[in-house]
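A short worksheet on the structure shown next.
Protein chains get the first letters and strands the later ones, always in sequence-line order, with residue 1 at the start of each.
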Amino acid sequence: MLDIKFIRQNPEPVRESCRRKRIDVDIDQVLAVDVACRESKTAFDNLKAEQNRRSKELGKVAASERGAALEGLKQLSEDVKAAEGKMAAADADLRRLLLLVPNVLDPAVPSGRDDSENVELKRVGVPREFAFKPRDHVDLGLGLDILDIERATRIAGSRTYFLRNEGVLLEMAVLRFAIERMMDKGFTPMTVPHMVRSEAMEGTAYLPGGEEQAYRTQQDDLWLIGTSEVPVTAYRMGEILDLAELPLKMTGISPCYRREAGTYGKDTRGLYRIHQFQKVEQVVICRNDEAESRQWHEAILNNAEELLQALELPYRVVDVCDGDLGRPQVRKFDIETWMPSRNGYGETHSASRFHDYQARRLELRYRDEAGKVRYCHTLNNTVVASPRILIPLLENHQQEDGSVVIPEALRTYMGGRERLVPRSRPA
RNA sequence: GGAGAGAUGGCAGAGUGGUCGAAUGCGCCGGUUUGCUAAAUCGGUGUACCCUAUAAAUUGGGUACCGAGGGUUCGAAUCCCUCUCUCUCCGCCA
């Protein structure tokens with residue numbers, strides 16, 4: 001959410017960000033409702049002040065003189081109620097609109113229609129030249145007997161899977177490796193509620209707007225998280241933090257649930273796009289300082305890059321263009337990891353910077369040196385998400401015989417195993 | 001799931017219809033005193049919004065907020081209803 005005062009003073013940059021993000025919000029309407037809000041607030045304040053004053057006096061008036069004074073006050077009371085109703089309605093209107101106004105783009109964000117026009121910033125590592133015909137992760141997974149999609153579909157519908165045998169170890173190894181690396185970097189690991197209230201979804205800007213993408217529980221009106229970003233960023237919501245606590249560096253691990261509505265027919269094979277996965281996420285909550293916020297954006301991007309390097313996977317970093325950017329982000333860098341089966345890079349990480357957009361919705365604040373209360377800045381990035389990361393892991397490290405070499409970094413978490421070997425499946 | 005108790009400022013805790021944004025204590029900030037520290041003592045110490053003045057930190061006025069929402073009343077921290085959360089007991093349970 002943007003500060004209404006900012007919109008009032010800078011309507012044009014806000015309009016421009018709406019246009020570039022292709023989000024249809026009428027800023028003139030926002031400004032009109034803002035005026036209505038303030039007018040109704042002033043009207044209410046004045047009426048209420050009069051009522052307070054006269055009511056106070058009434059308490060001191062002798063009982064015999066009350067009758068006449070009461071008559072006028074009854075009418076005033078009606079007027080106050082009417083004015084209050086009007087003000088509340090205007091406030092609600094404004095809030096509803098403000099939740100839809102997108103964040104203002106960083107000037108550096110490139111222009112483009114969709115993800116095909118994201119701008120590549122760098123490539124690290126060289127995709128392997130195979131001397132044989134490489135298999136995709138599904139064939140590899142079946143051969144190794146670490147994966148079963150067909151039966152999962154029968155039981156749980158499309159975009160579901162079972163991991164089996166060393167597949168389970170491999171997923172847990174990747175997650176465990178990721179958490180330990182983040183702890184080494186001073187991030188506090190957290191397990192989190194997987195179902196959260198609307199406030200947390202709204203506060204992190206998944207609602208309103210993301211209703212179609214999230215699972216909602218029927219009886220308790222809770223939402224299944226699509227990422228631990230939601231509970232972790234919301235962890236201190238409503239609090240005024242001590243400056244000394246900042247920056248808050250946290251790393252959440254959780255299952256992530258996504259409906260993937262509107263993606264029918266897209267990425268249907270394998271483990272790329274599924275309804276449920278595991279993710280280790282990094283979240284930074286820092287002071288309201290543009291330069292510091294940018295530094296953390298670089299830092300969390302770098303954290304993810306280091307992890308991919310440790311997994312010996314080639315990747316590239318892209319600067320996400322305006323048309324592909326979500327409502328809350330100021331800027332976003334995606335990391336795409338080389339996936340031989342796609343003969344291209346596929347998104348595995350997404351590093352977002354939000355300015356105070358989420359913090360304002362979450363009432364996440366701190367007291368600065370001068371004692372002034374200010375909204376924090378928030379950022380997040382994937383550390384690793386599985387099973388998507390298993391795609392490049394299996395495909396890049398496969399051997400001609402269908403075995404897969406486990407990167408050095410993961411071996412201690414795999415009971416010392418150095419490779420996964422095909423086996424015939426039990427009947 | 002059933003029965004009961006509770007939710008007040010950074011914390012503890014008073015307040016059961018008007019003089020309450022809220023006693024008191026602790027904490028915190030500033031002053032005074034004292035070789036230093038401590039103690040003592042005096043003063044200050046919430047958030048948001050609106051109006052006003054100002055180049056600005058900010059000043060002056062107003063309104064709201066005592067878990068959340070609604071109601072009664074001229075007037076609600078205080079009375080009523082609904083909800084949320086916490087605690088105790090019973091039930092169920094990994």
Side-chain angles (χ1 to χ4, degrees), chain A residues 1-9 30-99 191 193-203 207 216-223 231 234-246 248 255 287-289 356-376:
Chain A
M1 191 158 65
L2 294 175
D3 188 353
I4 182 61
K5 287 178 192 160
F6 176 84
I7 301 176
R8 212 183 283 154
Q9 286 155 18
V30 172
L31 293 173
V33 172
D34 172 43
V35 169
C37 253
R38 281 181 290 152
E39 281 173 357
S40 60
K41 160 88 171 150
T42 302
F44 167 76
D45 280 359
N46 291 339
L47 281 170
K48 188 69 182 177
E50 189 187 347
Q51 186 191 38
N52 284 347
R53 184 174 51 75
R54 286 168 64 180
S55 284
K56 232 172 230 180
E57 284 165 4
L58 187 66
K60 297 172 192 158
V61 160
S64 57
E65 292 169 35
R66 277 195 186 185
L70 266 178
E71 271 317 300
L73 274 178
K74 273 187 181 153
Q75 181 54 50
L76 183 58
S77 178
E78 292 301 311
D79 295 346
V80 166
K81 264 177 200 154
E84 188 172 20
K86 215 168 154 188
M87 178 180 71
D91 278 349
D93 277 355
L94 185 62
R95 163 99 187 163
R96 190 173 45 74
L97 284 168
L98 281 180
L99 286 176
T191 66
H194 304 162
M195 296 179 290
V196 300
R197 293 191 170 162
S198 298
E199 293 86 83
M201 294 292 283
E202 191 173 294
L207 294 179
R216 183 181 198 170
T217 65
Q218 196 165 30
Q219 290 181 288
D220 301 293
D221 201 19
L222 295 169
W223 298 82
Y235 183 54
R236 303 293 296 271
M237 70 186 266
E239 296 188 36
I240 298 177
L241 306 172
D242 279 343
L243 187 56
E245 287 188 89
L246 298 179
L248 251 41
R287 63 172 76 194
N288 196 311
D289 182 289
D356 61 11
Y357 193 87
Q358 291 182 319
R360 193 176 295 277
R361 291 171 169 236
L362 289 166
E363 286 294 306
L364 182 57
R365 297 175 293 177
Y366 69 98
R367 208 176 291 280
D368 70 10
E369 293 90 339
K372 200 165 151 41
V373 176
R374 314 191 63 187
Y375 286 103
C376 302

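- Side-chain proximity of A/Arg197 to the nucleotides B/rC74, B/rC50, B/rU84 is greatest for B/rU84.
- Set against B/rU84, B/rU47, B/rC74, the side chain of A/Arg365 has B/rU47 as its closest nucleotide.
- In this structure, B/rC26 and B/rG10 make a Watson-Crick or G-U wobble pair, each of the two defining distances being under 3.5 angstrom.
- When each of A/Glu369, A/Arg374, A/Arg367 is tested with A/Leu243 by the rule side chain to side chain contact (heavy atoms under 4.5 Å, CB included), just one qualifies, namely A/Glu369.
- Around atom CE of A/Met237, more than 12 heavy atoms belonging to other residues, nucleotides or ligands sit under 6.0 Å away.
- Of the residues near RNA chain B, A/Val373 and A/Ile4, the one whose nearest nucleotide (by heavy atom distance) lies more toward the 5' end is A/Val373.
- B/rU41: Watson-Crick or G-U partner is B/rG31, with both key distances under 3.5 Å.
- The P atoms of B/rA22 and B/rU45 are separated by 10 Å, rounded to the nearest whole Å.
- Straight-line distance between the P atoms of B/rA14 and B/rC85: roughly 25 Å, to the nearest whole Å.
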What string of B, S and - do you get for nucleotides 53-69 of chain B 5' to 3' if you count protein non-hydrogen atoms under 4.0 Å? ---------BBS-----
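- Out of B/rC74, B/rC85, B/rC50, the shortest distance to the side chain of A/Gln51 is found at B/rC74.
- The partner of B/rU86, taking Watson-Crick or G-U wobble pairs whose two distances both stay under 3.5 Å, is B/rA5.
- With both pairing distances under 3.5 Å, B/rG17 is matched to nothing as a Watson-Crick or G-U wobble pair.
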